[in-house]
Asks: 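Below are the structure tokens for one structure; questions will follow.
What you are looking at is a predicted structure, and each value in this text was computed from that prediction instead of being measured. Order of the sequence lines fixes the chain letters, A, B, ..., with proteins taken first and strands second; residue numbering starts at 1 for each chain.
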Amino acid sequence: MSKKLLSIRNLKVNIEDKEILKGLDLNIGHGEIHIIMGPNGGGKSTLAYTLMGHPRYEITDGEIKFEDQLINDLSADKKAKKGIFLSFQYPEEIPGVTVEEFLRTAKSSITGEQQRIIPFRKLLKEKMELLEMKEEYANRYLNLGFSGGEKKKNEILQMSILEPKLAILDETDSGLDVDAIRIVAEGVKRLHNENNSVLVITHYHKLLDYLEPDFVHILLDGKIVKTGGIELAKEIDKKGYENIRQEFANK
Amino acid sequence: MVKWKRIGMDLTFPNVPKYTKDFINDMGQPLNIKIYEPSDDISPQGFLGLGNEFLEHIDNNYNSGFTLHVRRRDKIREPIRVEYIMNDENPTVVDKNIIKVDEDSEVTVIIDYKTISDTKAFHNGITKVYAKENSIVNIIKIQRMNESSFNFDSNVAIVEGRGKVNWISVELGSSISGANYTTFLDGEASEGYLSSIYFGDGNRKMDISYSMIHRGPRSISNIDTKGVLMNEARKVFRGNLDFKKGARRAKGNEEEYVILLDPKVKSDSIPGLFCEEDDVEGNHAASAGQLDKNKLFYLMSRGLSERDAKKLIVEASFRPIIDSIPSDELREEINLEVERRFANV
């Protein structure tokens, strides 16, 4: 009965005329946590970028619906305003713009309300403390000179400020040490509630120790080939993708 | 009429009427300095500015300008503000500004050229800086004349031992704009720095030329230019690092980075490196490009429209230079001016 937040049907996506997603189906309900696992080159990041609306990714077939509205052709800013957020695997460095200014601008754009400096600063400080980020990061240029781990934390900070309905985490756990993974996972848990959903894209299992996914999907060669619960992730962890690959090669 | 080869156009100098506005902004001017009428003096050998025709026109016709003499060991904290404001009654500024800064002293001068009406204004001027030993001279030049005006600006500095000249140039206006900055680093360990931003929009044509001429041993120079071109603007940038005989162990750097926002803009960058000495170090870097698509996507994924994302990246590239201008009011005005030009992106 729960209405779907995101529903993807038969999605086909090309990059420079090469088909990467080959008819992908996925449904995410309100308040659910989904994990997509799969080997490199299977199309995980393509799915993330396509959902966010990168112009390089061309949708050739299928549909993406968010809250029952077709969003295939929406630009990234419009998708962000609808409540979709992507935590980038490789966040861009923007010299000359501080974290605080950037996030205040972003929050103003997304909410349509000009964020006032003092209350926003207070909000930012609270969220940074929760992520165990030093206060000075607010005044540093966005991602400039940040370590890999700091960049990922900064993505989660942005997520917690922008409060999306659907947070897509693209390999957010890669390159993080144990402590950072715990902090990131806690940040994700705080966002997650009965309305907000999370889609975690990963080829590790690290975040799974902290998050309790409702569904685990295996993305192989441009399609979701198997869906299950946490036990599927554990199976992959033990046996790798080879079994599943063979299973589907035989079909 | 002169043929201006650099930009490929014919140019007729207008008659020069009197300029009657006050241009020394006396709000908060320090009292311990003297400002005189511009005097005649010789131009350094080898200085061409924007060209002989322009320099002669100034010498024969100047209608405004000043001589500022800062005495030895005088460190003037407050910037001196000079404003050449052009309107219907005073559409022409031909200015000659001479700034002499004696040993161990320091001064900051802000010179602002702006129009306050739609009149087709004309500016042709020269600013000469003599920085004696161990002095620090900061010159900030702002050009924000309207879209039908002509602007020609020649600047020269002679820097003696351990002296330092910092130029900041902000080029935002005019239909045709020529700006030349030539710094002679004559003394041992003299330093010349030039930071500039330019914004070309509409049909603006810009001719920008910077030269750092190293004569003193261990002299240091740096040119740091950030530009943006949009609509059908055209720009030629020449940056020369010239190491003369005697400039042993001198170092020069130049960097120009321009963002092209439209396919119809035209951007030429011509860096030049000239060496008469072996033991010198000269580096140059120039890059011109569309906005990085991935950066744009990253910003848009956080809710910024394409226009706002572009604006943010441009403002960010300008920011360090705008922030170094020592006046809140001017910084604010320049930011607003940049913002205004984005209104029609």
Asks: Is E136(A) atom CD crowded by more than 12 heavy atoms from other residues, nucleotides or ligands, each under 6.0 Å away?
Replies: yes

Asks: Got a sec: does the NZ of K125(A) have more than 12 other heavy atoms crowding it under 6.0 Å?
Replies: no

Asks: So do the side chains of F297(B) and E92(A) get within less than 4.5 Å of each other, counting heavy atoms only?
Replies: no

Asks: Looking at every non-hydrogen atom in both residues, tell me the closest pair between A80(A) and G303(B) and how far apart they are.
Replies: CB-N, 3.5 Å

Asks: Hey, could you give me the CG/OG distance between D77(A) and S301(B), rounded to the nearest 0.5 Å?
Replies: 9.5 Å

Asks: Let's test your reading of the structure: which of K107(A), K82(A), E101(A) forms the most heavy-atom pairs below 4.5 Å with chain B?
Replies: E101(A)

Asks: Any chance NZ of K22(A) has more than 12 other-residue heavy atoms, nucleotides or ligands included, within less than 6.0 Å?
Replies: yes

Asks: Between P95(A) and A316(B), which heavy-atom pair has the shortest distance, and what is it?
Replies: O-CB, 3.1 Å

Asks: Using the ring of each side chain (for Trp, its six-membered ring), is Y298(B) parallel, tilted or perpendicular to F88(A), with breaks at 30° and 60°?
Replies: perpendicular

Asks: For a 4.5 angstrom cut-off between non-hydrogen side-chain atoms, does L299(B) reach F102(A)?
Replies: yes

Asks: Quick one: does E306(B)'s side chain get under 4.5 Å of S75(A)'s, heavy atoms only?
Replies: no

Asks: Only pairs of heavy atoms separated by less than 4.5 Å count here; which of K81(A), M52(A), H54(A) has the most with chain B?
Replies: H54(A)

Asks: Is there a side-chain contact between T105(A) and D308(B), using heavy atoms and a 4.5 Å cut-off?
Replies: no

Asks: Any side-chain heavy-atom pair from Q158(A) and R302(B) closer than 4.5 angstrom?
Replies: yes

Asks: Does any heavy atom of chain B fall under 4.5 Å from the side chain of L142(A), the backbone, both, or neither of them?
Replies: side chain

Asks: Can you confirm whether more than 12 heavy atoms, excluding those of I117(A), are under 6.0 Å from its CD1 atom?
Replies: no

Asks: Which atoms of P91(A) come close to chain B, meaning under 4.5 Å heavy atom to heavy atom: side chain ones, backbone ones, both, or neither?
Replies: both

Asks: Can you tell me if N195(A) has over 12 outside heavy atoms packed within less than 6.0 Å of its CG?
Replies: yes

